[in-house]
There are 2 protein chains.
Amino acid sequence: MRLTTKGRYAVTAMLDLAIHGDDGPISLADISERQGISLSYLEQLFAKLRRNELVRSVRGPGGGYQLNRAQKEINVAQVIDAVNESVDATGCGHNSSCQDGVTCLTHHLWCDLSAQIHGFLSQISLADLMARKDVQTVAQRQDRQHLSAFEDSLISAKVSA
Amino acid sequence: MRLTTKGRYAVTAMLDLAIHGDDGPISLADISERQGISLSYLEQLFAKLRRNELVRSVRGPGGGYQLNRAQKEINVAQVIDAVNESVDATGCGHNSSCQDGVTCLTHHLWCDLSAQIHGFLSQISLADLMARKDVQTVAQRQDRQHLSAFEDSLISAKVSA
DNA sequence: ATATAATTGACTAAAAAGGTTGGTTATTGC
DNA sequence: GCAATAACCAACCTTTTTAGTCAATTATAT
């Protein structure tokens, strides 16, 4: 279990999907704009989220991504694990020969701590996160901003026409 | 709260100190040899551990590092925080203006998760770690290896004399 | 004096994080 | 059929972090 900003980006994006994905797929461009994450980085993250079957994709216009399961069935640990996949070559990963072919001093220790934190995060679902007051507050502000940006683009389209 | 191999190295080194530091200071060279961590990297880590007053140093021959408090009074969270100090310029750190001057969607959320994990790790002291059976087992093996390496060096010194 | 060992600082290599560019492919609506 | 949309994909790049090297300085015990 590694905790870095990468996992946090992924959780933020998934939460955005959960908030806005009620009707139809959400494009990464929308998430990028609302959450301030670069589109290309989102693409990389969602490639992994899709491989882990946490989201499904719809191509073409009006397409985008949707949660692949109910909000209750997706937890924070799954999301973080998905984007951190295939790391762990360095240090002791799953194998217990981390120090010159033998188990290092903190091997079991770290496995335990990891498991504990993993257990903790796996009990927090996207549905739980959405229920938070602070999340709702920020989401509403973002929606207003996103909406006004959309209106602005309509106006400028009209002007240029 | 960030969880990477860096913090783990630090915890391993501190645990080594706790195990061997009963009588007199322990040199980084010893820790380096036993735990397979490069001496210079240990120096960098211990500079931070010392600044955070988790260890104290004794210079000169026979010198080294000692825990600056009782084993019970040093916990895993403190050690990890010490070596990860002064990060957080990227992403939202303590200030809540992480996304273009406003609070991002997962700000409070992440603060909470961080606090939870921090709380969890802060309840695990070096004394707790030492009490673990797996830690004791590995420590004993390392002591034997270290001792035999010491004897080997004595023999080779005698030969070259 | 000398050896030990912390302390400091500059420097380097490799990996990870984060982002860019430039495509291709599938789909929709006209 | 064609243009627009948006996923998908791969090579590439910059910055930061991790991990380690090297060399010099300083304090201290013997």
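Each chain gets a letter, A, B and so on, in the order its sequence line appears, and its residues count up from 1.
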Side-chain H-bond candidate by donor/acceptor type, B/Asp134 with A/His107, under 3.5 Å: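 No, A/His107 and B/Asp134 have no side-chain donor paired with an acceptor closer than 3.5 Å.
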
Would you kindly give the [atom1]-to-[atom2] distance between [X] and [N], to the nearest whole Å?
X: B/Glu33; N: C/dA5; atom1: CD; atom2: P; value: 12 Å
X: B/Leu49; N: C/dT7; atom1: CG; atom2: P; value: 11 Å
X: A/Ile31; N: D/dA7; atom1: CD1; atom2: C1'; value: 12 Å
X: A/Arg51; N: D/dC9; atom1: CZ; atom2: P; value: 8 Å
X: B/Gln44; N: C/dG9; atom1: CD; atom2: P; value: 12 Å
X: A/Leu45; N: D/dC9; atom1: CG; atom2: C1'; value: 15 Å
X: A/Ile26; N: D/dA7; atom1: CD1; atom2: P; value: 10 Å
X: A/Glu43; N: D/dA6; atom1: CD; atom2: C1'; value: 9 Å

Out of [options], which has the shortest distance to the side chain of [X]?
X: B/Arg59; options: C/dA17, D/dT28, D/dA19; answer: D/dT28
X: A/Pro61; options: D/dT28, C/dA17, D/dT5; answer: D/dT5
X: A/Ser27; options: C/dA6, D/dC9, D/dA6; answer: D/dA6
X: B/Thr5; options: C/dA17, D/dG20, D/dT18; answer: D/dT18
X: A/Thr4; options: D/dT18, C/dT7, C/dA17; answer: C/dA17
X: A/Lys6; options: D/dC9, C/dG18, D/dG20; answer: C/dG18

Distance flag, aromatic centroids of B/Phe120 and A/Phe120, threshold under 6.0 Å: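 No; B/Phe120 has its ring centre 6.0 Å or more from that of A/Phe120.
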
Sugar-phosphate only, base, or nothing, as touched by [X] at under 4.0 Å among non-hydrogen atoms:
X: A/Arg50; answer: sugar-phosphate
X: B/Phe46; answer: nothing
X: B/Leu39; answer: nothing
X: A/Tyr65; answer: sugar-phosphate

Backbone N/O of B/Asp16 and side chain of B/His20: donor-acceptor pair under 3.5 Å: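 Yes; at least one donor-acceptor contact below 3.5 Å.
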
N or O in side chain of B/Arg2 less than 4.0 angstrom from D/dT18 OP1/OP2: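 Yes, B/Arg2 has a side-chain N/O under 4.0 Å of OP1/OP2 on D/dT18.
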
5'-most by nearest nucleotide on DNA chain C - B/Val58 or A/Gly60: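 It is B/Val58 whose nearest nucleotide is closer to the 5' end.
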
Verdict with supporting geometry, B/Ile80 and B/Arg2, side chain to side chain contact (heavy atoms under 4.5 Å, CB included): CA-CA 8 Å; B/Ile80 292 177; B/Arg2 280 158 68 254; over 6 Å; no

Minimum side-chain heavy-atom gap A/Asp112-B/Arg132 below 4.5 Å: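 Yes. Closest side-chain heavy atoms under 4.5 Å.
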
